[in-house]
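Here is the structure we will look at, set down as structure tokens.
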Amino acid sequence: MAEKASGKVDMEKIVSLCQRRGYIFPSSEIYGGLSSCWDYGPLGVELKRNIKEAWWRSVVQERDDMVGLDTSILMHPQVWVASGHLEQFADPLVECKQCHLRWRADELKDNSCPSCGGEVTEPQQFNLMFKTFMGPVEEDANIVYLRPETAQGMFVNFQNILNTTRKRLPFGVAQIGKAFRNEITTGNFIFRSREFEQMEIEYFVKPGTDDEWFDYWLEERYNWYVNLGIKKENLQLRQHAKGELAHYARKCYDIDYLFPMGWSELEGVANRGDFDLTQHATHSGKSLSYLDEETNQHIVPCVIEPSAGVDRSALAFLCDAYVEEPDKEEIRVLLRFHPTIAPVKVAVLPLSKRENLVELAKKVYADLRPCWMVQYDDTQSIGRRYRRQDEIGTPFCVTVDFQSLEDNQATIRERDSMNQIRVPISELKSTLQAKLEGEDLFVLPQGSQIWKVEREEKSV
Ligand code: ATP
């Protein structure tokens, strides 16, 4: 069966699965929710952690030209003057003269309100930064902003990084953290919210090499999604037209994903030139230059910035993994997550609640838990429990049955093919490790056997 492009997945189905299974809940739900704010439930938090860890591993841990950082959300107000956010980080806002709903002017098809058709006002620039006050007195002198991006924390620490790590160009800084934007229009579930998380890289290079590093990072970031299972047909690169470029950018590409509402930005890759370091040097009066040892000259590096959203990535992984398959008379819903992304890696299921089976299954569960996120489930029929694990995207189930009590073997069942193998319990850990790393299910450890092939034909 051919899989549908995720653009055809119904957003309502994703939202409903997320709420039903504990991925994502509306924020403060018992009070009626708070518009465009979301809480990640027990599975959602694992999904997000896996995304962030996979990103960190690929852009920090596995590279010797990158270091990590974790800077504060509240920063000196001058940061936002220097970065241009105070003046330029605004969207054109219009208000309906009839129903008083507010809209982003550039998102309207004509000059009428999408809700009631009423006439809208002239656009006014609306700054997207959230304001708050530092200290006990609420006056203008104490205004600070919740950061609208994590990037500035990396620029203002440029000298600190140079001094403490002795990195030489080209090198980069990576940061994961919350950002806040008072978006005029939100929606499409976690795609656009007012509080979200970013995974950003600022990669500093010698001027003149910025174009080639831009191409490098665009490819690198595109491949990161593909290597974690996102289908290529659901990804596209889109270059920003001149008029669309942000005030700091020389060049920018979006990595777009085919979300249920259509192609939309998943990550932006920008060549910010030397804009940020120059601006912060000017406004702070501190030198943010770099001594080029080859020429013995002080230079201001250029910056390539791949900026991704954790929440948009989570939504893309969810949409891309969502599959409905006919299964006998029913529909099997599954999330075909790459094992690295799957919130739960293994589920341990005793065939029945008989005491001696439960005892053995719990031993297996305890043994596997230090290695991965593992669930134990002994409720309802085994078929139902498999379906539940399919629906949350667990790659492998381990079933302990009556024969296990005699031969000390257990069954491993694979989510996508539903094929099963039977392996000695002593080999479970190493076998599951290999399978989670991509080894074929039918590569068997000694003493194992192919137990059952529920379905001859795999859905492709
Ligand atoms: P958009 O045009 O969709 O508003 P943007 O171009 O303003 O996005 P950037 O400033 O490039 O976004 O931010 C980098 C990344 O941060 C985006 O690619 C996205 O993944 C994430 N992001 C930005 N705004 C939001 C938001 N309101 N909600 C969730 N994620 C966001």
Side-chain angles (χ1 to χ4, degrees), residues 11 24 27 34-40 44 48 51-52 55 59 73 80 83-85 88-93 103-107 125-130 146-155 174-202 214 217-218 221-222 224-225 230 235-241 243-259 261-272 275-276 303-319:
M11 186 74 101
I24 299 162
S27 160
L34 178 65
S35 161
S36 84
C37 292
W38 301 95
D39 294 344
Y40 286 77
K48 271 222 294 189
I51 292 170
K52 290 187 276 185
W55 184 85
V59 308
I73 287 172
W80 309 112
S83 69
H85 280 82
Q88 314 230 26
F89 195 58
D91 280 337
L93 171 79
W103 305 95
R104 246 173 84 167
D106 54 343
E107 284 180 351
Q125 287 303 312
F126 174 77
N127 196 294
L128 301 186
M129 284 200 294
F130 276 98
L146 303 190
R147 67 181 178 200
E149 60 177 27
T150 69
Q152 299 306 322
M154 295 185 266
F155 296 129
Q175 166 154 243
I176 300 177
K178 289 259 179 165
F180 303 82
R181 295 183 187 177
N182 199 3
E183 303 273 6
I184 297 170
T185 43
T186 54
N188 290 317
F189 197 27
I190 51 173
F191 177 82
R192 191 185 303 286
S193 47
R194 296 196 168 103
E195 172 180 345
F196 54 98
E197 230 174 334
Q198 291 186 311
M199 307 183 283
E200 295 197 296
I201 297 169
E202 304 304 332
F214 181 91
W217 275 109
L218 188 58
R221 294 301 308 142
Y222 176 90
W224 183 79
Y225 294 105
I230 298 274
L235 286 172
Q236 74 176 14
L237 300 179
R238 189 185 69 84
Q239 182 167 17
H240 282 209
E244 200 190 343
L245 282 175
H247 62 277
Y248 52 75
R250 289 184 183 174
K251 184 175 175 183
C252 187
Y253 269 75
D254 286 346
I255 302 177
D256 284 348
Y257 179 76
L258 186 54
F259 287 101
M261 64 285 185
W263 290 105
S264 310
E265 176 181 337
L266 178 57
E267 169 161 354
V269 180
N271 179 348
R272 296 177 77 124
F275 176 84
D276 304 274
V303 180
I304 309 301
E305 177 192 73
S307 172
V310 179
D311 313 80
R312 283 192 194 175
S313 298
L315 184 57
F317 282 115
L318 281 162
C319 293

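Order of appearance sets the numbers: ligands from 1, and atoms from 1 within every ligand.
Figure legend: cation-pi geometry between R221 and W224, with NZ or CZ positioned under 6.0 Å from the six-membered ring centre and within 45° of its axis. Taking the ring axis of F196 as reference, the NZ or CZ atom of R194 does not stay both within 45° of it and closer than 6.0 Å to the ring centre.
Residues F189 and F191 keep their aromatic ring centres 6.0 Å or farther apart. Taking the six-membered ring for Trp and the full ring otherwise, F89 and H247 have centroids separated by 6.0 Å or more.
The minimum heavy-atom distance between V303 and E202, with the atom names listed, is CG1-OE1, 3.2 Å.
Annotation: ligand 1 has protein neighbours R181, E183, F191, R192, S193, F196, Q198, E265, L266, E267, G268, S307, A308, G309, R312, each with a heavy atom less than 4.0 angstrom from the ligand.
Here A314 pairs with L47, I51, I190 under the side chain to side chain contact (heavy atoms under 4.5 Å, CB included) rule; sequence neighbours left out.
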